[in-house]
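Below: one structure, written as structure tokens.
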Amino acid sequence: MRLFSVQLCGGSSAGRASAYPFVGEPQSNLGIVDHAHNYELQLLMEQGFLGLIGFAAMGLLLGVAIIAVVRRMRTQKSGLNSATTLLVLALFPAVIGKSVELQTGVARISDLAMNMAIFGAVVALYELFNRTNLTSDPAENYDGGKRRAVLPGANLSASNQTLLGTSLLAAVIVSAVVLTTFIGWDLRRLSASASLAANHDHPDLTTRANAWTDAQAQAPERESITYNLFESHLKVAREQYALGNEEEALRLLGIGRSMLLDYEKRDPFELDTQIGLSKAVAQYATWGHIEYTQELADRSIKIVETYPAYPTLIGTAATAMTSVGAHELAIEYADLAIATEATTRPWPKAWYAKGRALYELGRKAEAIEALNTATQKEQGAEGALLAHQVLAQIYKADGDMEKYEIHTILGQGDITVQE
């Protein structure tokens with residue numbers, strides 16, 4: 001089974017690759033490789049400032065080479081060779097496009113190899129123009145029996161002076177934009193990471209918590225910082241609720257959810273953000289705040305439609321659907337996850353969601369079969385434990401106390417398998 005999926009990504013904490021394939025095999029886990037949000041920052045992280053300076057120098061020289069070739073083409077008296085023109089038209093737009101692409105993410109090795117090949121072709125074309133220029137007019141290339149280099153554009157006309165001035169102005173503007181972006185974006189994020197790294201394992205819990213809060217305030221677009229801080233708020237909120245401090249639990253959960261809502265405005269397709277927001281509204285619903293049930297349903301639908309290649313998310317969405325009463329949709333989603341078991345792994349939570357939805361729809365025999373399947377797929381998985389709990393309710397309602405007690409005990413086990 002192949003599922004269709006596309007995801008456009010913006011820069012995140014570490015940034016993602018610029019796009020995912022349109023067609024992908026179902027995934028057994030949620031592992032996504034993180035990279036810096038542009039290639040220059042990735043080089044800085046991997047090779048240090050020496051690597052960054054080297055790449056910047058290469059980029060500058062490529063720009064100079066392109067400008068030089070274009071100027072020489074404009075000043076040639078003999079006209080343009082068709083093959084040379086074709087090379088210029090093929091290479092230069094590609095170089096510009098690839099340079100822009102490097103600012104949006106870190107490409108795969110195969111794509112980077114093509115980038116370097118194009119850059120090398122520009123250098124070769126520049127050298128070709130140099131050699132052609134030296135031999136195009138023998139009478140001009142020799143002075144007293146000695147070869148001399150002819151530098152087109154050495155005597156600049158008014159139009160060439162204007163072109164040079166415009167090029168310099170454009171270079172200044174581009175440099176200013178790049179430097180502003182690097183200082184205002186990358187260095188600020190690096191500073192947030194540095195401050196967090198200095199105190200993230202501090203023995204004083206208050207100092208450690210403040211380090212995360214300060215880093216998130218300094219770089220709220222850093223998804224890894226924001227999401228980890230949300231997870232901490234969610235964990236402590238659950239602890240406070242268990243202790244009976246409902247007001248404090250709601251306050252902490254609200255802070256965590258607000259951070260993710262702000263991040264969602266920057267990147268509405270970020271996977272961790274959508275999962276976190278679903279956890280938040282599911283927690284609200286669990287605590288009896290039914291005003292969040294519609295949002296839970298909407299977010300579950302969005303996750304399934306955006307990430308159809310992840311059966312674990314589809315199974316969780318099916319569970320959410322049946323918890324808010326959308327039982328038919330829960331069965332549909334559960335079947336999508338179950339259909340991938342041949343190529344991925346068992347999905348007890350999907351079987352549990354299907355069984356619970358069937359039971360709510362009055363199809364008890366089918367429900368028992370699906371729930372029993374959930375318990376057999378992977379014992380110790382959350383879906384298997386939930387299935388035991390529903391089976392206990394069914395048998396209790398039927399008056400079968402023996403099976404009720406068996407499934408009650410099994411449903412109280414610990415989660416030992418992560419779906």
Side-chain angles (χ1 to χ4, degrees), residues 1-35 37 101 104-111 223-224 227 231 260 263-264 266-282 295-323 326 328-354 357 370 373-374 377-378 381-384 386 417-419:
M1 177 181 181
R2 295 175 66 82
L3 301 178
F4 289 82
S5 173
V6 62
Q7 177 187 8
L8 302 178
C9 302
S12 61
S13 73
R16 305 288 188 194
S18 55
Y20 291 101
F22 280 98
V23 180
E25 297 291 347
Q27 305 291 315
S28 298
N29 53 55
L30 299 178
I32 299 177
V33 177
D34 285 342
H35 292 297
H37 73 84
E101 186 181 63
T104 63
V106 178
R108 294 171 294 186
I109 295 297
S110 57
D111 294 327
E223 184 268 339
S224 61
Y227 185 74
E231 285 286 320
L260 291 186
Y263 188 89
E264 186 183 30
R266 302 172 182 271
D267 186 356
F269 297 103
E270 174 57 48
L271 176 57
D272 288 341
T273 303
Q274 293 304 320
I275 292 175
L277 287 170
S278 294
K279 287 182 180 179
V281 292
E295 182 181 347
L296 175 59
D298 293 340
R299 291 197 176 280
S300 298
I301 293 172
K302 180 178 180 179
I303 286 176
V304 172
E305 292 178 347
T306 309
Y307 308 101
Y310 296 103
T312 181
L313 296 181
I314 299 175
T316 301
T319 302
M321 289 294 97
T322 191
S323 68
E328 295 288 353
L329 194 56
I331 294 173
E332 178 183 340
Y333 287 171
D335 285 338
L336 284 176
I338 291 169
T340 70
E341 286 187 329
T343 56
T344 55
R345 51 170 289 188
W347 300 109
K349 188 174 289 186
W351 284 102
Y352 152 74
K354 181 176 182 178
T373 301
K377 285 291 179 177
E378 279 188 338
E382 182 181 13
L386 292 172
V417 178
Q418 296 295 328
E419 291 189 65

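In this text, all values refer to a predicted model and were calculated from it rather than measured experimentally. Just so you know, these numbers use all the heavy atoms, side chains as well, and skip hydrogens, waters and symmetry mates.
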Lys/Arg-Asp/Glu bridge criterion (N-O < 4.0 Å) met for E264, K302 | yes

Hey, does E231 have a side-chain heavy atom less than 4.5 Å from the side chain of K279?
-> yes

Would you say Y307's side chain and L313's backbone share a donor-acceptor pair under 3.5 angstrom?
-> no

Closest non-hydrogen atom pair, T319 against A353 = N-CB, 3.6 Å

Under 4.5 Å between any side-chain heavy atoms of W347 and T340, yes or no?
-> yes

Going through the distances and angles, do Y310 and I303 end up as a side chain to side chain contact (heavy atoms under 4.5 Å, CB included)?
-> CA-CA 10 Å; Y310 296 103; I303 286 176; over 6 Å; no

Hey, what do you get for CG (D272) to CG (L277), rounding to the nearest 0.5 Å?
-> 11.0 Å

If you look at every heavy atom in Q274 and P268, which pair is closest and at what distance?
-> NE2-O, 3.0 Å

Over all heavy atoms of both residues, which pair between Y333 and A318 is shortest? Give the atoms and the distance, please.
-> CB-CB, 3.8 Å

T273 side chain near Y227 side chain, heavy-atom distance below 4.5 Å | no

Say you draw a straight line from OG1 of T322 to CD1 of I331; how long is it, rounded to the nearest 0.5 Å?
-> 8.0 Å

Taking the side chain as every heavy atom from C-beta outward, state whether L329 and I301 have any atom pair closer than 4.5 Å.
-> yes

Kindly determine whether R266 and E223 satisfy salt bridge (charged side-chain N to carboxylate O under 4.0 Å, His left out), including the steps that lead there.
-> CA-CA 10 Å; R266 302 172 182 271; E223 184 268 339; over 6 Å; no

Atom of S323, atom of L296 and distance for their closest heavy-atom approach | OG-CD2, 4.1 Å

Minimum-distance pair of heavy atoms, taken over all atoms of G315 and K349 | O-CG, 4.0 Å

Separation between CZ of R299 and CD1 of I275, rounded to the nearest 0.5 Å = 12.5 Å

Measure the CD-NZ distance between E332 and K354 for me, rounded to the nearest 0.5 Å.
-> 12.0 Å

Contact summary for A384 and A374, nearest pair of heavy atoms | CB-O, 3.6 Å

Got D335 and I338 here, is their nearest side-chain heavy-atom distance under 4.5 Å?
-> yes

Rounded to the nearest 0.5 angstrom, the OG-CD distance for S278 and E295 is 8.5 Å

Is a salt bridge present between E341 and R345, judged by a nitrogen-to-oxygen distance below 4.0 Å?
-> no

